[in-house]
Amino acid sequence: MDSALIPEGVKRCSFGKFILWIIIVGAVLLWGVVAMLLCWFKGLNQTNMNDAYGFAMWIWADLAVIALGGGAFFTGLLRYVIGKDELKNIINYAVLIGFICYSSALLILAIDIGQPLRGWFIFWHANVHSMLTEVAFCLSCYFAVLTIEYIPLILENRQIDKVPFFHNLSHNMHGIMVIFAATGAFLSFFHQGSLGGTPAVLYGRPFAFREGVLIWPWTFFLFTWSAAACGPCFTILVTWITEKITRKKLVRQNVIMLLAKIAGWMLATYTVAKIIDTWYWATVTAPASGFNFMDFYSNNPLYGPWILVLEIVVCGVIPSLILITKTGRKSSFLLISAVLLAVLGACVNRWVMVLQVMAVPVLTFESWFMYFPSWQEIATTILPVAYGIILIMISYRYLPIFPQEQELEEEKNASIFV
Amino acid sequence: MKVCRRSFLSLVIGGAAGTTLSPLPWKLMDDSSIWTQMWPWTPVPEDGEVSYVNTVCSLCPGGCGLTVRKINERAIKIEGMKAYPVNDGGVCLLGLSGLQLLYGPTRVKTPLKRVGARGEGRWEKISWEDAISEVVKKLADLRAKGLSHTVGCISDSDRGTVAHLLGRFLTVYGSPNFIRTPSMQDSYEQTMHLMHGVQASAGFDVENADFILSFGSGLIDGWGSPVRMFKVNSALKGKGKLVQVEPRLSNTAAKSDKWIPIKPGTEAALALGLAHVIIKESLYNRDFVNNYSFGFNDWTDDRGRSHKGFKKLVLDEYGPDDVAEITGISDSTIIALARSFARASKPLAVCGRGQGNTPGGLSEFMAVHALNALVGNINKKGGVWAVPDPDYIRWPEVEMDINAAKGMQANRIDGAGGKTYPDSRYLLNRFPEAVNSGKEYPMKALFVVGANPVYTIPDSKAVKEAFDKIPFVVSFSSYMDETAANADLILPNHVFLERYEDVPMPAGLQKPIVGFSKPVVKPQFNTRHVGDVIIQIAKSFGGVIADAFPWDNYEACLQKTLGNKWNALNKEGFWLDSNFMAKGWKRAFSTPSGKFEFFSRAFAAKNENLFQQFRPVEPEGDEGRFPLILIPYDYMRLASGCIGDPPFAIKTVEDTVLKGDDILVEVNPKSGRGFREGDQAILSTPKGAVKVRVHLFDGIMPGLVAMPRGLGHTAYDEYLADKGINFNELIGPVEDPASGLDAAWGIRAKLTRA
Amino acid sequence: MLPFSFEWLWDISHMLFMGGLWYALTILGLGMTYCIIKAAIDTSKGKGSH
Amino acid sequence: MKEEHKHGKASKFGMVIDLDKCTGCGSCMVACMSENNVPFKKDETNKLDSITWLRIYKLTNGKKFPETDICYIPRPCMQCEGDHGHSPCVSVCPATATDYNHETGIVSQIYTRCFGCRYCMAACPYHARYFNWWDPVWPDGMEKYLSPNVSPRMRGVVEKCSFCFHRYQLAKNKAYAQGRRELKEDEYQTACTQACPAGAITFGDLNNSHHAVYKLVKPDNKHGGRPRNPNAFRLLERLGTNPKVYYLSSREWVRRAGDNYIKDEVKKEHH
Amino acid sequence: MSTLDEKAKEASTEAVDEVETVLPPKEKKQDNGPWGYIILFFIIGFAASLVIGWGIFPKLLYSQKKQPIDFNHVIHVEAVEEGCESCHFFREDGSFSGVPKLVQCVDCHEEVMGEDPNEVKFVEEYVAKGQEVPWLVYSKQPDCVFFSHIAHVKMGKIECDTCHGHIGESTHSRVYEENRFTGYSRDIWGKNIAGLKKNTWDRMKMDDCAECHAENKAVPKTVERLPWPISWMPRPYEKPTSSQVRTQIDKDACFVCHK
């Protein structure tokens with residue numbers, strides 16, 4: 001039915017099946033949209049946030065998707081600026097995932113603020129000293145970059161490509177993509193960093209506060225570093241999932257290996273830096289404001305030392321070791337486990353830097369603040385996931401996302417018939 | 001077709017480009033943000049000319065001066081009146097939220113007549129004329145049947161012109177049943193009556209005392225005139241000492257120099273134990289005791305019976321060991337306390353539990369007052385003064401017709417002033433019993449003015465039952481309170497910010513002062529001053545009743561009554577008898593002996609010796625079934641009197657007192673074993689069982705459960721109703737054997753899992 | 001925020017920060033404009049027709 | 001000459017609360033709420049969504065009966081100055097909706113500029129900032145008591161104590177009418193100070209050695225206003241927020257409750 | 001592809017005829033397929049949206065309201081002694097009275113004095129009934145704005161017309177235009193929809209306050225330190241220096257004007 005739109009030389013499932021899945025995921029999306037509208041029209045009382053939890057699940061989701069979307073900027077940097085050419089076979093998907101992550105982040109921000117209609121004040125009345133201003137600026141600019149990177153992909157749709165203007169446009173955009181990618185990398189570096197700075201500049205919150213260099217607290221660099229490490233891992237993970245679902249090999253293993261290796265070394269170095277940071281914070285920064293390191297991990301039902309072990313050892317050291325060793329990467333199981341752990345590690349780190357910051361009591365006469373999100377919060381957080389799945393489904397079906405798909409498919413068929 | 005599509009796309013792009021270059025999107029973006037700043041559903045307060053009006057607060061017996069800020073015709077803020085003798089600029093949170101009472105949804109906006117069943121909440125609006133004629137018809141009917149004495153009136157005060165108008169009306173109408181709501185004032189008045197032989201209030205010169213010994217009085221929890229007591233407490237810092245004797249770490253205890261936890265109900269024993277030490281160590285004021293007191297040594301009464309003197313009594317029976325046993329306070333503490341009290345230059349002992357809204361046992365008041373006498377701190381700087389009511393209401397004597405005279409000869413329904421309790425003036429705590437049992441006579445009609453007995457009187461169930469038995473209940477409440485909700489007719493009074501009224505004598509003040517409430521704003525609703533309504537009712541009767549009310553209206557009455565003080569009051573807001581001095585010891589006492597009486601001879605003539613009879617008032621209930629004791633506590637953020645807390649006040653209540661609609665009761669972790677903080681529980685007493693939550697608090701004596709007063713309203717608005725539990729539902733009155741007043745201080749209870 | 005706004009301060013933070021923002025936006029804007037115009041020219045030259 | 005120099009010097013308004021006198025009665029809270037048009041809801045027992053610019057905390061010394069002690073700490077906005085001249089909340093606000101006024105030392109909050117990101121709330125360790133989770137609704141007729149000097153806030157913005165800044169402005173207006181520019185100490189007092197029945201709150205200019213607040217705490221203005229009175233302390237002094245709200249207490253445990261100390265750490269005395 | 005285009009072209013011959021004159025030469029059109037239409041529709045869209053944005057939109061955005069009474073300032077200014085302040089005066093507490101209340105008007109207009117039908121209406125409908133006139137205030141700022149008249153007029157010696165224009169010279173009340181969306185007076189944004197102004201009183205937005213404050217008291221020190229003294233750039237502001245009487249210009253003083 002829609003065969004004219006499907007890229008040449010590849011096979012896709014029947015249109016009916018496709019629509020059925022769109023409807024199923026769409027239902028989840030709709031649930032999220034209802035929750036979103038409730039939040040917009042009735043206000044943030046629809047959430048379980050409160051004056052102690054001004055930042056909660058959404059900000060965590062925001063930080064997490066941005067970190068995971070970091071695959072786009074880092075792969076782009078490697079592909080266009082540094083010139084790792086093999087990565088051209090995965091860059092499209094990385095861009096798509098990045099686009100989904102960043103558009104989701106912007107959407108979540110638009111729901112999260114109390115006065116969405118005044119959201120533009122952040123640009124027009126900007127306070128340049130605020131980390132959040134930097135985040136908003138770079139986030140929206142980088143989203144523009146991702147859009148620019150995504151547009152040529154759309155233009156490569158079989159029917160659209162037939163239009164000479166669009167064909168030329170796509171061609172030209174590819175031509176100067178290196179400029180866009182470089183700008184994107186620059187923007188991304190800063191906003192990933194400012195996200196790291198967001199909690200770390202809160203000198204009234206000893207759990208979050210970090211010292212640093214000039215205006216940048218250490219977590220500024222840690223966040224950028226971890227996004228560069230975990231973002232590609234997320235790209236690998238999503239590619240693997242897509243391959244499993246489509247039951248096809250979409251990207252050659254050598255591409256995956258290269259990305260995994262780079263990500264592995266990034267993760268390893270990040271983990272070392274994170275350990276040093278934690279050590280310094282636990283022994284110097286926090287005690288200076290009267291806190292014992294263990295004060296942050298005891299007397300509460302959730303945040304125990306386990307969370308630190310999970311983040312640094314289980315989701316840092318272990319996946320690093322797997323990814324930097326050739327044997328580790330070679331084993332499909334270990335590889336996927338490692339990228340999964342790395343992704344989880346980024347999420348846990350963002351969780352800790354947002355929610356545990358809120359939970360720790362600072363005044364001596366207060367106790368731990370606990371919070372559980374309302375269904376509206378959960379629904380609006382799942383909303384981007386559903387939206388991402390739908391966008392991936394449509395893009396995979398109609399756009400030549402995976403340049404190697406056709407040849408891999410032919411090879412596979414050949415191997416079967418030979 | 002393709003052209004169409006492309007052209008359309010082109011049109012759209014052109015349109016977008018043009019729109020971007022027009023003011024439309026930018027102006028709309030700007031305006032939409034301005035719209036969020038000016039949402040039509042967010043009120044914009046009107047600006048205008050600022051003015052200030054002074055008045056006096058009558059929400060509690062404190063009588064503070066207020067300055068109300070107005071914008072045009074709106075009252076927008078209440079502040080304390082600077083230089084007002086009671087509060088000098090300070091003001092409590094209830095007074096501060098007065099505007100919420102003025103403009104609040106709980107106001108009764110017009111006279112209402114009950115349509116459905118009692119308390120069902122169905123009302124019919126009626127005109128003032130109809131309402132008044134209905135009252136008059138009913139009263140005239142009763143009077144004609146010779147039942148005038150079955151009409152009663154419950155009022156929050158018996159002072160000032162409004163109370164006098166009510167009393168005067170009942171007198172000419174022919175009923176002795178004017179009843180004042182109970183408070184520690186009753187016990188103190190009786191103490192003054194028996195020990196000083198005078199009809200007076202107790203005034204405390206706390207400003208000049210340097211050692212205040214409080215037997216459970218919530219000096220900074222709303223006792224007396226609250227703001228004044230706060231000021232005193234602050235002034236005392238560094239200059240004097242405050243010792244708080246109380247089973248629970250109240251705010252007063254926490255702010256005191258020493259908190260002495262005591263088994264509840266044994267305060268009188270402690271007072272006598274202190275007396276023991278003072279006498280034994282000869283620390284008492286010889287001049288006063290030897291020359292101006294009676295009953296210190298053994299004595300013989302008119303009938304020749306010999307009595308133990310105060311000295312012998314306490315030396316024999318209240319040695320520190322005995323008292324330590326009774327009170328749970330160590331003997332060394334008792335001795336040390338007695339010494340520091342007696343050695344202070346101006347020691348002062350006070351009592352009246354919490355905010356003093358319950359009278360308490362007379363023996364306790366007399367024992368504590370005896371301590372003041374021992375140190376000679378009576379009618380002296382820094383001591384207790386007997387303060388007579390300001391004497392400015394001098395209306396001609398009423399002329400009674402036969403009906404009235406006959407009605408007035410009937411016994412009071414509450415038994416006050418009768419055979420059993422000859423020295424008591426009002427015993428509202430006995431009223432429910434009297435009505436329910438019908439022993440004396442059935443009550444046929446009841447007026448309630450400035451009081452909310454259905455809520456404030458212990459054993460709410462019995463009170464409600466009594467009200468149900470009275471066929472005609474008229475409430476003059478400005479608010480839809482519990483009593484109004486259970487009335488047949490509501491004749492809403494102006495609230496204090498809308499009316500003229502004299503407010504005599506703030507509680508516990510040592511100087512006679514009359515405060516002056518005046519209207520700050522015009523009446524907001526179709527309400528009438530209760531004084532006006534009484535005058536109108538009286539006038540409708542005609543004859544002697546009308547003759548007793550020669551004034552056109554209340555304002556005229558007040559102006560006439562105040563005479564040359566009117567102008568000064570209007571200007572200053574208060575009238576103070578600055579020359580007033582308590583009478584010296586020589587002339588102070590009008591007892592049979594002419595001296596301060598440790599033992600009242602008048603009383604002894606009728607009763608057995610009080611102190612020999614001293615027994616702690618036992619709480620109701622069986623210890624086996626109810627292992628704990630429930631005590632109430634008062635604190636400033638909850639009004640426990642007839643005024644329901646406005647939203648602002650409720651907002652300040654901590655979440656360890658009220659959580660959602662659940663009340664939290666304080667329990668020591670030792671007694672609350674098995675409960676975690678915030679757990680639900682069933683609290684039961686012999687009077688009933690309620691659902692509560694547990695607040696584990698180390699500041700309360702093990703074995704006790706403490707519950708705040710002032711919650712559990714069922715009427716009023718949604719900001720107050722159904723929050724928590726009314727303590728009075730869980731306790732019943734315990735009659736003091738000497739005075740008949742309610743001496744209950746707690747009740748046996750148990751706490752079980754919910 | 002533009003330097004025309006009274007909230008603008010001529011200090012290093014504003015110049016660097018806002019400068020960076022406008023710089024990035026300019027690059028993106030110019031880049032896209034270039035691509036579109038060049039595509040239009042290319043198309044008019046008949047390039048890209050299949 | 002000296003007088004002239006003082007004229008026009010920036011003020012630093014501060015508050016001193018004597019915890020020995022404070023009775024926890026709640027007058028300050030209500031005075032504040034009624035002065036500043038603070039709304040209320042049907043249920044205000046969830047203190048985490050209940051707007052009270054000035055909140056009274058109840059502290060206990062944690063000891064068992066009968067050694068237990070309690071103390072109340074009224075907590076308005078601390079009007080932090082910060083170590084580096086920036087308050088924790090001001091520097092983080094992305095839209096300049098809150099700022100530090102150098103003329104008065106007060107941290108402002110502009111409701112109509114705020115777009116509700118709540119970053120400032122995350123930054124404030126005192127929980128002095130409140131978010132309007134709900135539309136403010138007054139029961140019919142009660143909006144009559146609203147003061148025109150303070151705008152009612154709309155849903156979705158953050159609000160906090162302003163040291164009754166509007167009173168400063170009204171006092172200034174009055175002074176202008178009399179041809180003066182300077183204010184006397186008693187001309188500008190916050191609503192809570194004025195209402196406190198215990199006289200526990202003192203308010204004035206910490207830069208002016210004639211003012212009572214200065215005499216009470218003797219701030220060391222060279223070191224962020226650290227109090228020199230040994231009974232005076234500030235909340236979370238060690239974080240370097242430099243609050244302008246000081247507390248006085250004669251009880252050691254209360255003073256110690258003002259800050260965090262590592263176990264067995266002896267309180268460092270600064271002299 | 002080209003066949004499709006031609007079909008479409010045939011279908012819309014009429015449209016082509018109509019606009020042929022403004023189109024590029026025919027041969028070019030034939031060469032380049034549909035470009036002519038594309039440009040044409042672009043221009044149509046562009047022009048139409050400009051007309052809507054600049055012309056129709058402002059008309060729709062504002063509703064027009066008439067003052068309850070047509071007020072003649074000239075007559076009143078002549079009749080009083082102290083100019084504007086005779087009726088728009090300062091109260092003792094320094095607050096500004098704004099539009100006069102009935103009480104002030106009644107001083108003269110207890111009864112009808114002249115023959116103006118507006119005065120008759122005023123006396124009959126308002127004075128007699130004791131009802132305040134619901135004047136529409138042109139310069140009414142949103143509720144969040146705090147403005148101290150006395151600081152500007154008494155201390156700053158600024159003339160009324162600097163902000164309010166020569167309203168004292170008006171003989172009639174002009175139409176009051178209300179923004180349908182935000183509910184406040186058009187005078188704040190200004191008559192000019194682009195927000196441009198010629199006179200100081202043409203607009204009353206925050207930027208206009210800021211402009212005046214900057215002009216009057218900014219201390220242009222920073223500018224000298226900067227390498228680019230660009231004349232069109234607004235003058236920068238400095239932190240307050242100690243003892244001078246200065247106009248409020250700090251960025252750190254939002255709540256001086258906002259409540």
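Just so we're on the same page: letters track the sequence lines, and every chain starts at 1.
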**Report entry** Side chain to side chain, Pro45(B) and Asp143(E), heavy atoms closer than 4.5 Å
**Finding:** yes
**Report entry** Contact summary for Ser49(E) and Gly18(B), nearest pair of heavy atoms
**Finding:** OG-CA, 3.1 Å
Query raised in the report: Roughly how far, to the nearest 0.5 Å, is CD1 of Ile71(B) from OG of Ser95(E)?
Result: 8.0 Å
Query raised in the report: Minimum heavy-atom separation for Ser7(B) to Phe41(E), with atom names?
Result: CB-CD1, 3.1 Å
**Report entry** Heavy-atom check, side chain of Leu21(B) versus side chain of Phe46(E), under 4.5 Å
**Finding:** yes
Query raised in the report: Residues of residues 28-44 of chain B under 4.5 Å from chain E (heavy atom pairs)?
Result: Leu28(B), Asp30(B), Asp31(B), Ser32(B), Ile34(B), Trp35(B), Gln37(B), Met38(B), Val44(B)
Query raised in the report: Any side-chain heavy atom of Phe42(E) within less than 4.5 Å of one from Ile13(B)?
Result: yes
Query raised in the report: If you round to the nearest 0.5 Å, how far is CH2 of Trp26(B) from CD1 of Ile193(E)?
Result: 14.5 Å
Requested in this report: Side chain from CB out, backbone as N, CA, C, O: work out which of these in Leu61(E) comes under 4.5 Å of a heavy atom of chain B, or both, or neither.
Outcome: side chain
Query raised in the report: If you check every heavy atom in residues 72-94 of chain B against those of chain E, which residues fall under 4.5 Å?
Result: Asn72(B)
Query raised in the report: Atom NZ in Lys27(B), atom CH2 in Trp189(E): separation rounded to 0.5 Å?
Result: 5.0 Å
Query raised in the report: Hey, is NZ on Lys518(B) packed in by over 12 heavy atoms from elsewhere, all under 6.0 Å?
Result: yes
Report summary line: Looking only at heavy atoms, the pair that brings Trp54(E) and Ser22(B) closest together is NE1-CA, 3.3 Å
